[in-house]
Amino acid sequence: MSFFKTTTVVAALAAGLLLSAMAQAHPKLMSSTPSEGSTSIAPSKIELHFSENLTTQFSGAKLIMTDMPGMPNSPMGVKAGVSGSDDPKTMVITPSAPLTTGTYKVEWRAVSSDTHPVTGNLVFKVK
Ligand SMILES: [Cu+2]
């Protein structure tokens with residue numbers, strides 16, 4: 001076996017090991033309050049519960065109002081603070097003002113120990 005081929009096999013093995021380690025460390029959204037697709041009274045905060053401890057300085061979220069009464073499909077950013085929690089797997093989004101009737105989307109970005117960002121959405125309605 002030439003040097004080049006040996007190196008290629010070793011590199012491929014290392015990449016495979018790295019990929020499997022990363023797949024385990026990637027945070028998945030396990031549950032949330034409010035839950036996906038739900039309709040509720042305005043929550044004072046939104047909690048996202050992940051499968052991994054979050055690295056808070058790289059994790060974050062944006063809150064968007066996607067529909068309001070009489071104005072469907074008019075996405076508008078909503079002021080909110082994002083923080084960690086006593087539970088290191090939980091991200092907390094606190095709107096600056098009470099949420100009014102409409103549909104909301106949280107665009108989250110979660111980073112755990114391997115520093116690889118995972119993104120996703122949560123959609124819920126406020127009545
Ligand atoms: Cu990763």
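Remember, it's 1-based here, ligands and their atoms both numbered in the order they're listed.
Applying the ring-ring contact (aromatic ring centres under 6.0 Å, His included) definition to pairs two or more places apart or across chains, those involving residues 78-114 are F50-W108, Y104-F124.
Closest to the Cu ion (ligand 1) among the N, O or S atoms of H116 is ND1. Summary: NE2 is the N/O/S atom of H26 found nearest to the Cu ion (ligand 1). Of all the N, O or S atoms in D114, the one closest to the Cu ion (ligand 1) is OD2.
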N/O donor-acceptor pairs under 3.5 Å from side chains in residues 66-84, not counting sequence neighbours:
from : atom 1 : to   : atom 2 : distance (Å)
T66  : OG1    : T103 : O      : 3.3
D67  : OD1    : N73  : N      : 2.6
S74  : OG     : M71  : O      : 2.8

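At least one side-chain heavy atom of I93 sits under 4.5 Å from a side-chain heavy atom of L48. Between L54 and P27, some side-chain heavy-atom pair lies under the 4.5 Å cut-off.
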